[in-house]
2 protein chains.
Amino acid sequence: METLTIGDFAARSGVAPSALRYYEREGLIRSTRTSGNQRRYERTELRRVAFIRIAQQVGVTLDEIRAALAELPENRTPTRADWARLSDRWRHRLEEKISLMQRLRDDLSGCIGCGCLSLNRCKLINPGDQFADEGPGARILLNPPASS
Amino acid sequence: METLTIGDFAARSGVAPSALRYYEREGLIRSTRTSGNQRRYERTELRRVAFIRIAQQVGVTLDEIRAALAELPENRTPTRADWARLSDRWRHRLEEKISLMQRLRDDLSGCIGCGCLSLNRCKLINPGDQFADEGPGARILLNPPASS
DNA sequence: CCTTGAGTTGAAGTGCGCTTCAACTTGCAG
DNA sequence: CTGCAAGTTGAAGCGCACTTCAACTCAAGG
């Protein structure tokens with residue numbers, strides 16, 4: 001039992017078989033086939049799925065994840081160093097995300113809750129005093145949630 | 001110029017007019033109408049939109065946001081205390097989200113990058129040694145990104 | 001007045017990340 | 001060898017959060 005069936009792989013990875021097939025269609029994971037055309041997964045693929053789920057938690061799209069995974073070697077099983085390189089990149093993204101949320105947390109009560117009337121002095125609504133040249137009035141400067 | 005047209009409101013809030021109409025249909029924001037049936041927004045609505053965008057950054061659905069906003073008083077402009085109460089709740093959610101990401105960050109290189117073979121001892125893949133009774137083998141225990 | 005940019009509606013469309021379905025095939029336990 | 005759970009496919013569907021479109025009306029400056 002060197003490889004896993006899609007059912008076992010799904011149980012191990014916590015990802016539904018339909019999602020795994022979807023990931024494969026999208027080029028995020030790989031499988032081999034039995035003589036009868038059934039998928040078989042190597043255990044190392046679990047690492048890919050783990051990476052995918054973690055990246056999704058950080059708010060990364062499958063497109064970006066595919067791009068990242070594409071940097072892993074194609075012809076050999078990725079080494080620890082290969083994964084470390086990728087992980088390091090995502091660690092940076094995580095850090096960025098974390099500090100965004102910390103900023104949000106620190107400013108939330110102070111701004112939303114403040115009832116202040118001078119909105120254009122507010123860090124959350126208008127961080128960095130931008131838009132000063134686009135006429136008066138405060139603007140909300142959060143990114144669209146797409147980048148969440 | 002007590003109230004804002006949808007165009008001005010969109011510019012101030014950083015949210016497209018189409019999205020504002022959508023939010024209104026969904027019961028997240030309110031507007032009054034002119035005699036000619038055009039929307040006019042009170043400036044206090046900006047606070048609602050700010051709240052919505054912040055909550056979205058934290059990964060909250062519009063459904064949940066609507067539920068939260070429903071706790072604001074209907075018949076009067078929300079006071080600072082009203083907003084503070086709401087903000088405090090979200091601050092907790094933010095804190096949770098932040099610590100999840102910090103855990104992710106701290107474990108990422110150590111686990112994904114480690115190349116370790118004893119997957120079932122890995123914090124990220126199997127935090128808290130759960131599933132020990134569901135047969136051998138590691139499982140990835142991240143939440144689905146829906147909760148992101 | 002008249003033009004023109006801004007606003008209105010309902011219905012349909014979009015993109016992402018999957019899930020569901022129907023019709024069919026495999027693989028293993030008894 | 002059979003029965004049945006588990007696997008296969010392509011196509012369609014779904015939920016969320018919007019956006020786009022067409023056809024129409026409003027508001028305000030010249």
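Here is the naming used below: chain letters follow the sequence lines, and residue numbers restart at 1 for every chain.
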Return the value, rounded to whole Å, for the distance between atom OH of B:Y22 and atom C1' of C:dG10. 15 Å

Does B:R66 make a side-chain N or O approach to OP1 or OP2 of D:dA17 shorter than 4.0 Å? no

What is the separation between atom CZ on A:R25 and atom P on C:dC16, rounded to the nearest whole Å? 15 Å

Using the side-chain heavy atoms of B:L62, tell me which of these nucleotides is nearest: D:dT8, C:dG17, D:dA17. D:dA17

Assert: residue with more 5' nearest nucleotide on DNA chain C, out of B:N37 and A:I52, is B:N37

Any donor-acceptor pair under 3.5 Å linking the side chain of A:R43 with the backbone of A:E2? yes

Taking atom P of C:dC28 as reference, at what distance in whole Å does atom CD of A:Q38 sit? 8 Å

Is A:T5 close enough to D:dG7 that one of its side-chain N or O atoms is under 4.0 Å from OP1 or OP2 there? yes

Donor-acceptor check, side chain of A:E45 to backbone of A:R30, threshold 3.5 angstrom: yes or no? yes

OG1 on A:T61 to CZ on A:R66, rounded to 0.5 Å: 8.5 Å

Result for 5'-nearest mapping on DNA chain C, choosing between A:A16 and A:T34, is A:A16

Atom-to-atom span, CG of A:L4 to P of D:dG7 - whole angstrom: 11 Å

Rounding to an integer number of Å, can you tell me how far B:D63 CG sits from D:dC14 P? 18 Å

Does any part of the side chain of A:V15, heavy atoms only, come nearer than 4.5 Å to the side chain of A:Y23, both counted from C-beta? yes

To the nearest angstrom, how far is A:R33 atom CZ from C:dG27 atom P? 12 Å

Looking at D:dT8, I'd like to know if its phosphate oxygens (OP1 or OP2) sit under 4.0 Å from a side-chain N or O belonging to A:R39. yes

Using whole Å, report how far CD of A:E26 lies from P of C:dC16. 9 Å

Looking only at side-chain N and O atoms, does B:Y23 come under 4.0 Å of OP1 or OP2 in D:dA17? no

Rounding to an integer number of Å, can you tell me how far A:L20 CG sits from C:dG17 C1'? 13 Å

For the side chain of B:R21, starting at C-beta, report the closest nucleotide among D:dA17, C:dT9, D:dT9. C:dT9

Minimum heavy-atom separation for B:L28 and B:L69, please, with both atom names. O-CD1, 3.6 Å

